[in-house]
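Structure, as structure tokens:
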Number of protein chains: 2
Amino acid sequence: MNSEFTIAVHSLVYLAYLPERMASSELISKNVSTHPARIRKVMSCLRKNGFVKTKEGIGGGYILNSNPHEVTLAQIYRAISHGAVKPHGCTGDPEQDCPISSNIPEVMDEIFNEAEVSLVKYLDQVTIHSVLEKIKQCH
Amino acid sequence: MNSEFTIAVHSLVYLAYLPERMASSELISKNVSTHPARIRKVMSCLRKNGFVKTKEGIGGGYILNSNPHEVTLAQIYRAISHGAVKPHGCTGDPEQDCPISSNIPEVMDEIFNEAEVSLVKYLDQVTIHSVLEKIKQCH
DNA sequence: CTTACTGTAATTTTATTTGATACAGTTTGT
DNA sequence: ACAAACTGTATCAAATAAAATTACAGTAAG
């Protein structure tokens with residue numbers, strides 16, 4: 001899994017935290033500790049999924065377009081990292097005679113899909129607002 | 001996540017499938033489609049966790065040392081890929097004044113840990129035997 | 001019409017994963 | 001004793017993936 005999901009959550013939490021709920025890619029990138037172009041890529045995806053609105057030109061940037069109490073990490077995960085639980089390399093070989101080797105790719109796929117469902121079920125219980133609350137409770 | 005977990009599951013399923021439940025790293029590597037040294041590395045870990053026994057020297061190899069009905073993918077995951085759900089890159093920066101930036105690493109860590117607990121809870125329902133059954137049911 | 005922004009693609013750099021090689025240690029059979 | 005066939009483990013090289021960087025077209029504000 002690459003860290004775009006983490007970047008997306010961080011960015012949304014940051015926007016929810018700002019009084020104006022608006023920030024440029026440069027400002028967000030400094031908070032997240034990454035490159036502005038990467039923020040723009042992630043935010044572009046979040047915009048397409050309705051989590052934020054963007055404003056181009058002078059004074060532009062990203063503004064929250066959703067309720068932090070309602071947006072869950074599961075929604076963000078599905079938008080940006082769907083399928084990321086499964087590792088890239090797969091074992092086995094469909095050409096082999098052995099039923100283990102030839103069928104395990106399909107079976108492991110199914111298992112990783114189900115595993116992801118469980119993971120997403122947990123993420124569905126965590127909202128942007130609840131992440132913000134957890135952060136505030138850090139000593 | 002790298003694919004050692006997948007390799008471990010595949011290898012154990014393969015051993016469970018073999019009548020003798022014994023195979024060399026070379027034989028397993030061909031079934032899995034990877035390098036024998038990689039199999040030996042993974043199997044070495046499985047041995048340390050009691051899933052298999054190894055036999056060195058001529059006629060040696062790996063032999064199942066556990067009941068396929070009892071070994072779950074959760075046990076294998078914990079042995080070989082614990083912590084792998086969390087992506088490598090982390091966002092934020094503990095040095096910054098902003099509470100979001102400075103505290104999000106800790107909070108996201110916690111979230112990924114909980115997410116992994118959910119994932120492992122699912123894997124706990126899947127045994128080596130049940131994977132073998134799924135494979136047999138492939139058309 | 002300049003400035004400050006986003007959108008997006010292309011490129012380079014860095015990190016991770018995988019494959020490959022090597023060799024010491026172990027067991028078996030002769 | 002010793003050759004053969006294994007595992008255990010470390011190291012190096014190659015492939016792949018992730019991240020950073022650069023570049024530039026498009027847009028809105030003043």
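Below, chains carry the letters A, B, ... as their sequence lines are ordered, and counting in each starts from 1.
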Practice task
For A:Lys53, answer base if it contacts any base atom (sugar-phosphate contacts may also be present), sugar-phosphate if it contacts only those atoms, and nothing otherwise; contact means non-hydrogen atoms under 4.0 Å.
Solution key: nothing
Practice task
Could you check B:Met43 against A:Ser3 and say which one's nearest nucleotide on DNA chain D is further toward the 5' end?
Solution key: B:Met43
Practice task
By nearest nucleotide on DNA chain D, pick out whichever of A:Asn2 and A:Gly57 is the more 5' one.
Solution key: A:Asn2
If I take atom [atom1] in residue [X] and atom [atom2] in nucleotide [N], what distance separates them, rounded to the nearest angstrom?
{"X": "B:Arg40", "N": "D:dC6", "atom1": "CZ", "atom2": "P", "answer": "11 Å"}
{"X": "A:Glu4", "N": "D:dA17", "atom1": "CD", "atom2": "C1'", "answer": "12 Å"}
{"X": "B:Lys55", "N": "D:dA4", "atom1": "NZ", "atom2": "C1'", "answer": "15 Å"}
{"X": "A:His10", "N": "D:dA19", "atom1": "NE2", "atom2": "P", "answer": "15 Å"}
{"X": "A:Ile39", "N": "D:dT22", "atom1": "CD1", "atom2": "P", "answer": "17 Å"}
{"X": "B:Ile63", "N": "D:dT7", "atom1": "CD1", "atom2": "C1'", "answer": "15 Å"}
{"X": "A:His88", "N": "D:dA18", "atom1": "NE2", "atom2": "C1'", "answer": "9 Å"}
{"X": "A:Ile7", "N": "D:dA18", "atom1": "CD1", "atom2": "P", "answer": "12 Å"}

Practice task
First locate atom OG1 of B:Thr91, then atom CZ of A:Phe5, and finally report the distance between them rounded to the nearest 0.5 Å.
Solution key: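 Answer rounded to 0.5 Å: 11.0 Å.
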Any donor-acceptor pair under 3.5 Å linking the side chain of [X] with the backbone of [Y]?
{"X": "A:Ser3", "Y": "A:Thr6", "result": "no"}
{"X": "B:Ser101", "Y": "B:Cys98", "result": "no"}
{"X": "A:Ser102", "Y": "A:Pro94", "result": "no"}
{"X": "B:Asn65", "Y": "B:Gly50", "result": "yes"}
{"X": "B:Asn31", "Y": "B:Leu27", "result": "no"}

Practice task
Using only side-chain N and O atoms of B:Arg47, determine if any of them is under 4.0 Å from OP1 or OP2 of D:dG8.
Solution key: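 So the side chain of B:Arg47 is within the cut-off, an N or O lying under 4.0 Å from OP1 or OP2 of D:dG8.
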Problem - Distance below 4.0 Å between B:Ser44 side-chain N/O and D:dT9 OP1 or OP2 - result: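 For D:dT9, OP1/OP2 do have a side-chain N/O of B:Ser44 under 4.0 Å.
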Practice task
On DNA chain C, reading 5' to 3', which nucleotide is the first and which the last to sit with an atom under 4.0 Å from a heavy atom of chain A, could you check?
Solution key: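 For DNA chain C, the relevant span reads C:dT3 to C:dT8.
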Practice task
Give a yes or no on whether a salt bridge exists between A:Glu110 and B:Lys134, defined as a side-chain N under 4.0 angstrom from a carboxylate O.
Solution key: yes
